[in-house]
Each structure stands twice: as C-alpha cells, then as structure tokens.
Amino acid sequence: MNKTIKYGLFGLGLFTLSACVDTMDTHPSSSFEEETIWGSKSTVEAFINGIYDEVIRNAGYAGSGSSVQWEARTPNAVKCSQVGEGIDGMATELGITNSDDYGANRAGLLRRCNLVIANVTESEVLTETEKPGLLAQAHFLRGLIFFDQARKMGRFVPITIPLDPAKPEEAEIPMTANVAESYDYVISDLKIAAEGLPASNSYGLPTKWAVDVILSRAALQAYAYTNDAKYLDVAVAAASDVIDNSGIALSESSGLFNETDLYNPEILWAYYREKDNTSIVDFEELMRTYPNISTDNVINSKSPVALKQANGQTFEGWAVYFPTQDLVDQYLVTDEATGKALPWYETSQYLNNVTELDPNSITEAGQIDAYEQVNTDKRRMPTPQDLAQTKEGYANFTRYARLKKGAARDISDLMYTGRDKRFYTAVVHDKCTWIGETVETNLGGNLSQGVRDKEDGGWYNTVTGYYWRKGNIENPDPRAYHASKVALHFNLARLGEAYLNLAEAKLLKKDVAGAVEALNQTRTVHGGLAPSTATTEAEAWVDYIRERNCELTNEGGDLYFSYLRWGKYGGHANHGRAPGDIIADFDRPAYKIEINRDRTALLIGQVTLLNSANRNFTVKRYLLPIQQGFLDTREVYGLDHTQNEGW
C-alpha cells in the first residue's frame with residue numbers, strides 16, 4: 001500500500017525536519033543542523049517535503065481560495081456577499097492595482113529548491129542512484145514556482161542558485177526579458193522532473209505522470225503567449241506519455257473531488273489534509289461555499305420542506321462563492337427520445353413540456369410570482385434588484401419559460417434530470433439532496449436566495465440559484481460548521497486533464513479528428529454522454545471549451561488561465577475575435593436562475609447585486625502587474641524594474 005504525505009501536518013522551517021519521515025503524519029519534532037540534512041536520503045526527502053507544502057499553498061496550486069476564488073473570475077461562478085465581503089474586484093477589474101502581489105518575490109522558496117539541487121549534486125554521501133530522484137523533485141518544485149509566476153505576470157527573477165547572504169552581488173539577477181524566456185526556465189525544469197521522477201509514489205507526492213500533466217499544461221500556456229509551435233509538440237508528447245504509458249484508466253467514480261474516493265488512481269497528485277489538523281473554517285472551498293440557514297429562516301420563508309437539522313443546524317457556513325447558470329448550461333442533457341447530448345433547453349423532453357416566452361416582456365418586480373413571508377417581507381420573481389444595475393449591451397433576461405398546461409413534470413425535473421454526470425458532483429441544485437437534506441432553491445425554498453432577510457440572497461446564501469458541491473466535503477461530521485474537523489484533498493493533476501490538454505494541442509495543430517477523439521474520452525466516461533460528432537474546427541472548439549469547463553471547473557483555477565489562453569489564440573477559441581483581443585466571456589455579466597414556487601416557470605437573468613454585472617476585461621490583464629514595491633526596490637539597487645504594460 002502506498003504511504004501518504006499529509007501536507008496539513010507539517011510546515012518545516014528552513015532546517016527543521018520531521019521525525020516521522022515516512023508519512024509526515026505528526027508535527028515536526030526535531031531540528032537538525034544543515035550538515036545533517038544532506039547526510040542521508042531520508043533527511044533530504046524530509047526537507048523536500050516541507051518545500052512541497054509551501055509551494056503548493058503559496059504558489060497557488062491548492063489552498064484556501066485557490067479554486068473558488070479563481071473560478072469566480074470566470075463565467076462559471078461569482079463571489080457575492082451583501083454583508084461585508086462584497087464581490088470579486090478582479091472580475092470587474094476595479095480591484096487590481098500594481099501594489100497587488102501575485103508572487104513577484106519567491107526568493108525564499110527558490111533558495112530552498114536551489115539548496116537541494118546544489119547540495120545533492122555535490123554530495124559525497126548520497127549514491128548516484130539516489131541523486132536523480134531527489135534532483136527531479138527540486139527541479140519540479142522550482143518549475144512550479146516559475147510556472148506560477150509566468151502564467152500570472154509573464155516575467156520573474158530566475159534565481160537558479162542558492163544565494164549566499166554573505167555575497168549580496170549574487171542577488172543582482174536580471175528579470176527574464178520576456179515571456180518566452182520565462183517559459184524556457186519553466187519547461188526546462190519540468191522536463192528534468194518528468195525524466196527523473198518515479199512512475200509511482202506515496203500519495204501526496206508527484207509521479208512522472210503528474211509532472212507530465214503539468215508539463216503539458218505549461219506548454220499550452222507557453223504557446224499561447226509566445227506562438228512558438230515547439231510548445232505544442234511538448235504538450236502532445238507529455239500528455240500522450242501519460243495516456244499511453246501510465247497504465248491508468250479514467251474512472252467512473254463520483255468521489256474524486258470529496259472525501260469518498262480521495263485515493264482513486266486517476267488522481268495522479270493531490271494535496272491531502274489530515275482531519276486532526278483541518279477545520280472547515282481553514283478553507284474557503286468549504287467555509288465559503290456552505291450556506292447559513294436556520295430552521296427559523298425556513299419557517300419564515302414558508303418552505304414546504306423543512307430542514308432535518310439532525311446534528312444541529314446543518315448549514316452554518318459563510319457562503320460567498322456560487323456557481324452560475326453559465327456553468328450549468330455547459331452540462332449537456334441526454335435527450336430521452338434520441339439519446340443525443342444536447343443543451344437542456346433543446347431536448348425533446350423540455351420542448352414537449354415547456355413554452356419559451358419573450359424574456360424582454362419581463363419588466364416589473366413580481367411579474368412571474370410573488371408572496372409575503374410570515375414576517376410580511378415581500379419575495380418576488382423577478383426582484384426589484386433584477387431590474388437594476390444591469391450591464392448595458394447585454395440582455396437583462398435571456399430565457400423565460402413556462403410549463404405547458406397538463407405537463408406531467410415540473411421545470412426542475414425537466415432541467416436537471418439526465419445531465420452530464422459531472423453536473424451532480426459539481427453543483428447543488430433545486431430538488432437535489434445535500435448533506436442529508438432535501439434542497440429547495442426555488443422561490444420560498446429552504447435554501448433559496450430569499451430564504452433569509454435579503455430578498456436577493458448574499459447573506460451567506462445563494463445569489464445564483466445554486467451552491468458548489470465540487471471541492472467541499474459531502475458528509476462533514478457532524479455538520480457544515482466552522483469548527484467541524486475534516487480530512488480533505490485537492491486534486492493537483494488528474495488523468496482527465498491529460499486528455500484535454502492533448503485535445504487542445506491537437507486543435508491548435510488543426511487535427512480536428514484527433515482532438516475530438518481525445519475530448520470524447522472524458523465526455524463519455526466522466527460525463528456519461530454520447531460522443532461529440534464535431535467535424536469542423538469551429539464545432540470542435542465549441543465542444544472542447546464546453547468539455548474543459550465541465551471537467552475542470554473549480555479545480556485549482558484551471559479555467560481562469562484556460563480562458564487567457566483561448567483569448568490569446570483568438571478565432572474559434574474566443575468568439576471569432578482577433579488573437580489577444582478582449583476575452584468575450586470575461587467581459588460580460590454572469591447569469592443566475594429563478595424558479596417560481598410551484599416550479600411552473602423559470603427566469604434566467606444577470607447577476608446584478610453590488611454591480612456584479614459590471615464584469616470587464618482589458619487586454620492588460622493578460623499579464624497581471626508585478627508588485628510595484630518589488631520593482632521599486634530593484635530600482636534602488638540599479639536593477640531592471642519594468643512594469644507590465646498598462647499597470
């Protein structure tokens with residue numbers, strides 16, 4: 001059985017080692033001199049394990065907010081709170097300044113990686129068979145740091161030696177001249193790691209296959225920003241290596257993203273946390289996705305479905321992050337008459353039972369449904385806020401529909417039955433179950449946007465009609481409460497991504513058939529859908545972008561950086577726009593759903609709370625600012641200090 005590296009239980013200082021090297025399951029209990037670190041393979045490994053924890057968390061690959069925060073900057077999600085937290089300032093571009101730090105100074109982490117490389121290389125104690133694996137891990141960690149800097153800011157200071165504080169002149173290192181030079185460093189380190197890491201490893205530590213996935217990811221990002229075709233070959237080779245040689249198959253498990261199947265073989269590398277040292281409050285992916293709903297709220301809202309509250313108040317989180325209708329629309333539905341995979345609003349079962357009406361006819365609050373709660377507060381569909389603070393140039397409401405007379409199924413059944421299987425692992429929706437509770441998100445429902453004092457939600461409850469399921473714990477013990485202890489994991493590399501990276505690279509090489517073959521692997525196995533039949537480049541890009549959204553939503557911020565790539569490509573990848581133009585899907589409102597009390601009508605409209613609809617993207621955001629204070633310090637020492645364009 002593989003051992004497990006539990007990152008939540010160690011945070012090694014520069015020269016602090018854990019006495020329990022095998023599993024890292026205990027607090028570090030011993031400190032050693034530097035000579036001791038490099039004296040054996042086991043002590044070097046313990047030192048490296050400490051670097052993993054910090055790189056994963058501090059370089060943005062996993063940790064609090066690494067998934068939900070970045071996803072809220074895409075069409076798939078929003079951040080919105082009316083009681084203090086507000087909305088995401090990056091999505092509107094009003095909250096980004098050149099004083100923000102996106103990882104400009106990683107000198108401390110890089111020094112630790114470089115110490116491993118230097119000391120292992122020069123070691124006379126370690127054997128020549130022990131050295132390659134240790135060096136590969138250090139190069140991998142350094143490559144991860146460089147990659148995060150490159151994908152966010154484009155340029156960085158490439159520190160590749162363990163700087164000596166007694167030799168300050170060593171720190172006078174020029175920044176990379178451009179993005180192309182930056183990715184030379186990234187790809188070089190990741191290639192070394194892929195060649196030197198083993199095919200199997202302890203859970204929590206990367207394998208050759210995990211590195212291959214990240215190498216293919218980095219190569220795609222490099223191609224997008226450099227237009228150098230050599231990176232497409234790197235992406236194809238790395239992704240194909242995993243697919244063809246790992247011996248690992250795609251899994252049909254529904255527990256890859258929660259605590260029920262955290263060691264599934266398809267998970268090539270994950271960040272694991274121990275229950276004893278991890279509380280719900282420690283991660284926004286948990287605390288900020290569970291709502292806060294009391295029995296009194298439900299009674300006041302006149303919901304027909306009471307919450308069981310079996311172990312106290314089931315939902316006592318501080319939710320501010322919510323998936324959108326935009327994401328939900330990505331998950332196709334199997335047509336019950338033909339077996340084809342279609343958007344939910346194109347299926348025969350929907351069209352046979354629902355009448356589509358003019359959304360422009362909705363002009364007044366409460367026009368579709370309205371009632372008073374026990375305390376006489378009004379609850380309306382639409383709300384007055386739905387008609388205010390909309391983004392000009394975009395439809396206020398995009399879909400309005402009602403059941404036909406005599407329809408045997410309600411709106412929610414028609415929308416949410418027969419979906420892509422990944423929908424049910426990603427999104428909490430009306431009439432599903434969640435932590436033992438039956439969920440209602442329709443008007444007046446027990447987890448609806450108006451169930452608390454604020455009619456439009458945002459008091460730690462939904463503003464979109466949905467909640468996140470992917471990334472949180474399915475059965476927190478005893479309930480979704482800040483102090484509850486949980487064991488969890490965040491996926492860092494999966495086999496599913498290898499297929500999608502291969503599909504993207506093949507699309508860029510104009511191999512439409514090869515791309516569709518690759519994307520159909522996740523679509524059919526993970527999604528349970530009929531395969532894509534796309535034959536043109538335009539059709540394939542539509543199906544590919546949909547597939548990546550369904551497969552990798554709310555996983556480590558993948559979709560934010562994917563949309564940046566697609567904007568750089570332009571054309572079919574960005575709604576026909578020129579390469580490097582404004583990213584259409586970052587420059588428009590996100591949408592929510594409202595369903596009336598008897599589930600006979602639906603309305604889809606902009607998320608407008610707190611000016612949420614005012615999402616904007618300007619081309620300067622293809623590269624985030626390099627922290628100005630960091631550049632100012634370099635200027636004082638006579639070093640290059642050029643800020644990214646526009647910041």
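These figures come from a predicted structure and were not determined experimentally.
- Applying side-chain hydrogen bond (donor to acceptor under 3.5 Å, both in side chains) to Asp88 and the options Arg73, Lys79, Gln69 leaves one that passes, Arg73.
- Two residues are said to be in side-chain contact when any heavy atoms from C-beta on lie closer than 4.5 Å; Arg399 and Pro359 fail this criterion.
- Of the possible polar contacts, none joining the Asn501 side chain to the Ser216 backbone as a donor-acceptor pair under 3.5 Å is found.
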Query - Test side-chain hydrogen bond (donor to acceptor under 3.5 Å, both in side chains) applied to Asp261 and Ser253, step by step - result: CA-CA 7 Å; Asp261 196 6; Ser253 171; 2.6 Å; yes
Report task. Show your reasoning for whether salt bridge (Lys or Arg N to Asp or Glu O under 4.0 Å) applies to Glu504 and Arg565. Result -> CA-CA 10 Å; Glu504 186 168 325; Arg565 289 198 308 274; 2.7 Å; yes
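- Applying the ring-ring contact (aromatic ring centres under 6.0 Å, His included) criterion to Phe283, with sequence neighbours excluded, gives Phe490.
- Using a 4.5 Å heavy-atom threshold, the side chains of His526 and Glu252 count as separate.
- Side-chain atoms of Glu539 come within 3.5 Å of backbone N or O of Thr535 as a donor-acceptor pair.
- Of the candidates His429, Lys470, Arg469, His429 is the only one forming a side-chain contact (heavy atoms from CB on, under 4.5 Å) with Tyr424.
- Looking at Val607 and Pro589, their side chains never come closer than 4.5 Å, going by heavy atoms from C-beta outward.
- Side chain of Thr608 to main chain of Gln385: a donor-acceptor pair is present (N/O by atom type, distance under 3.5 Å, no hydrogens or angles).
- Proximity of a side-chain donor or acceptor of Arg494 to a complementary backbone N or O of Ile267 within less than 3.5 Å is not detected.
- A distance of 8.5 Å separates OG1 in Thr417 from CD in Gln349, rounded to the nearest 0.5 Å.
- For the pair Arg621 and Phe617, the NZ or CZ position fails the cation-pi test of under 6.0 Å to the six-membered ring centre and within 45 degrees of the ring normal.
- A cation-pi arrangement is present between Arg151 and Tyr61, with the terminal nitrogen or guanidinium carbon under 6.0 Å from the aromatic centre and inside a 45° cone about the axis.
- The aromatic rings of Phe322 and Tyr467 stand perpendicular to each other, their planes meeting at an angle above 60°, with 30° marking the opposite boundary.
- The pair Asp558-Arg548 counts as a salt bridge, with a side-chain nitrogen and a carboxylate oxygen less than 4.0 angstrom apart.
- Remark: the backbone N or O of Pro382 is not paired with any side-chain donor or acceptor of Glu364 at under 3.5 angstrom.
- The shortest distance between side-chain heavy atoms of Gln521 and Leu250 falls below 4.5 Å.
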Requested in this report: Would you check, one step at a time, whether the test side-chain hydrogen bond (donor to acceptor under 3.5 Å, both in side chains) holds for Glu594 with Tyr400?
Outcome: CA-CA 10 Å; Glu594 295 172 85; Tyr400 167 39; over 6 Å; no
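- With contacts defined as side-chain heavy-atom distances shorter than 4.5 Å, the pair Leu602/Met415 qualifies.
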Query raised in the report: Which is it for Phe586 and Tyr560 under the ring pair (Phe, Tyr, Trp, His ring centres under 6.0 Å) test, yes or no, and what are the steps along the way?
Result: CA-CA 9 Å; Phe586 280 5; Tyr560 180 86; 5.3 Å; yes
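- At distances below 3.5 Å, at least one donor-acceptor pair connects side-chain atoms of Arg452 with backbone N or O atoms of Asn292.
- In this structure, the side chain of Ser64 engages the main chain of Glu284 through a donor-acceptor pair within 3.5 Å.
- The aromatic ring centroids of Phe315 and Trp434 lie less than 6.0 Å from each other.
- Checked against a 6.0 Å centroid threshold, the rings of Phe561 and Trp70 count as neighbours.
- The backbone N or O of Gly444 lies less than 3.5 Å from a partner atom in the side chain of Ser301, making a donor-acceptor pair.
- Within the 4.5 Å cutoff, no side-chain heavy atoms of Lys391 are placed close to those of Arg588.
- Side-chain atoms of Thr462 come within 3.5 Å of backbone N or O of Tyr466 as a donor-acceptor pair.
- Counting only distance, with no hydrogens or angles, the side chain of Asn461 and the backbone of Trp459 share a donor-acceptor pair below 3.5 Å.
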